[in-house]
Amino acid sequence: PKTAYVRTKPHLNIGTMGHVDHGKTTLTAAITKVLSERGTGVFVPFDRIDRAPEEAQRGITINIAHVEYETDTRHYAHVDMPGHADYVKNMVTGAAQLDGAILVVSALDGIMPQTAEHVLLARQVGVDHVVVALNKADAGDDELTDLVELEVRELLTAHGYGGDTVPVVRVSGLKALEGDPRWTAAVEALLDAVDTYVPMPVRYVDAPFLMPVENVLTITGRGTVVTGAVERGTVRVGDRVAVLGADVDTVVTGVETFGKPMESAQAGDNVALLLRGVARDAVRRGHVVAEPGSIEPRRRFTAQVYVLSAHEGGRTTPVWTGYRPQFYIRTADVVGNVDLGATELARPGEKVTMTVELGRDVPLEPGLGFAIREGGRTVGAGTVTTVH
Ligand code: GDP
Ligand code: MG
């Protein structure tokens, strides 16, 4: 029998972000190593974090890129998204539901395009607290590292993060992974900074239950399991839920977090829900599990949208009425038709109001964030203001 999850510490969701090859995965592995030595985590080696999804679907795996660990004061789910596209999908849509982020910047390379893009996107989706890991500090010289630190603080200030007060910790994921005491202490200092600088967010545990489906798995002999982060409310074994998108009403017959059964899951938890009598191919990423009757899927809405500038990786040409990009809403990826009304066009770098007609119904509500993507890149970020 599996050991049940006991909620003894506040739970937060954090993640590493930053340019490819700056050491996000190495640092993630190093954090689990350092905490496993303290006895509050299980070491997850680099190649177990960085592998492809297909290889990882064994038992109830929440998400390949998720690891869990505890510090003295908190329980964390930590997401290390493998590629840039995963950031855009999971972070920009808010699907990752990060309460805080560790921005990994290589002290050897400094700010690179994805460093800046992830900071911009984090700001857009309301990740209010960022701690900086100046990684590869083992290999850099102090003067250059000082310059990189200045540059990162400026970047954060430019995006409204208060770069002067953001903790910046010089680390070496690689050396900490090798057990070097100096760099082990540096990773501990980084975790202390996360513990103290990222506040515990407000959780809407009393709201009607809602969880966007991130992944669907089958467990032989048990049935279909959906995984994701609980956006709001509480769910327990025996609860009736609706799977919006699949048009299915069912009952939750099991709730687990990181392989441990739990009595009830609440807003902020990363969980796997076992659903009674649901065929595996009936449910997909992008569907939403919710308290029946609490939210109705719709396809037309008005939103405030920021069209990314070319400098931020966006378009070089304006967007017009009739434009049909992809909308990433929670975990869903849906085509939508843009109507700019009397404005007619929106230039890169501008904020506009648009009305969107989606290709299918999805649960929508004012305040919901989304990303606009086209040809594999993010071209806009918005917030729903009215649902029609
Ligand atoms: P990611 O793409 O951001 O996840 O980066 P990885 O963790 O895959 O690391 C990219 C490369 O940088 C690998 O070759 C690592 O061994 C190397 N690396 C990561 N962390 C450090 C570090 O602290 N010091 C040094 N010298 N190299 C590192
Ligand atoms: Mg990586």
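Start at 1 and go down the list; that is how both ligands and their atoms are numbered. Because the structure is predicted, anything quoted here is derived from the model rather than measured.
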| ligand 1 versus K136: contacting region, heavy-atom distance under 4.0 Å |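 Both backbone and side chain of K136 come within 4.0 Å of ligand 1.
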
| request: Under 4.0 Å, heavy atoms only, figure out whether ligand 1 is touched by the backbone of D138, its side chain, both or neither. | output: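 For D138, only side-chain atoms sit under 4.0 Å from ligand 1.
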
I need the atoms of ligand 1 closer than 4.0 Å to a non-hydrogen atom of [X], numbered in the order shown.
X: T25; result: 4 (O), 7 (O)
X: V20; result: 2 (O)
X: S172; result: 22 (C), 23 (O), 24 (N)
X: T26; result: 6 (P), 7 (O), 9 (O), 15 (C), 19 (C), 20 (N)

| query | Quick one: are R74 and V198 in side-chain contact, heavy atoms under 4.5 Å? | reply |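 R74 vs V198: side chains touch.
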
| message | Within the structure provided, determine whether E231 and R330 are in side-chain contact (heavy-atom separation under 4.5 Å). | response |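 E231 vs R330: side chains touch.
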
| query | Out of D146, N135, D138, which residue meets the side-chain hydrogen bond (donor to acceptor under 3.5 Å, both in side chains) rule with R170? | reply |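 It is D146, the one option of D146, N135, D138 that forms the side-chain hydrogen bond (donor to acceptor under 3.5 Å, both in side chains) with R170.
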
| Pick from H75, R7, R203: which one makes a side-chain hydrogen bond (donor to acceptor under 3.5 Å, both in side chains) with D269? |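 The residue from H75, R7, R203 that satisfies side-chain hydrogen bond (donor to acceptor under 3.5 Å, both in side chains) with D269 turns out to be R7.
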
| task | Identify the heavy atoms of H129 and Y197 that sit nearest to each other, and give their distance. | result |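 Heavy-atom minimum between the residues: CD2-O, 3.6 Å.
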
Would one find an N or O of [X], backbone or side chain, under 3.5 Å from an N or O of ligand 1?
X: G23; result: yes
X: D80; result: no
X: G173; result: yes

| query | Got a sec, which residues hit side-chain hydrogen bond (donor to acceptor under 3.5 Å, both in side chains) with T8, two or more places apart in sequence or on another chain? | reply |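 For T8 there are no side-chain hydrogen bond (donor to acceptor under 3.5 Å, both in side chains) partners, ignoring immediate neighbours.
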
| field | Residues that D192 engages under side-chain hydrogen bond (donor to acceptor under 3.5 Å, both in side chains), provided they are two or more places apart | value |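 Partners of D192 by the side-chain hydrogen bond (donor to acceptor under 3.5 Å, both in side chains) criterion come out as none, since no residue qualifies.
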
| said: Under 4.0 Å, counting heavy atoms only: does H19 come that close to any atom of ligand 1? | reply: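 Distance cut 4.0 Å: H19 passes for ligand 1.
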
| request: Please state whether W183 comes within less than 4.0 angstrom of ligand 1, counting heavy atoms only. | output: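 Contact absent.
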
| Would T26 count as a contact for the Mg ion (ligand 2), in the sense that one of its N, O or S atoms lies under 2.8 Å from it? |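 Given the 2.8 Å cut-off, T26 does not count as a ligand of the Mg ion (ligand 2).
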
| Distance under 6.0 Å and angle within 45° of the ring axis: does R373 meet both against Y328? |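 Relative to the ring axis of Y328, which defines the angle, R373 lies inside both limits.
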
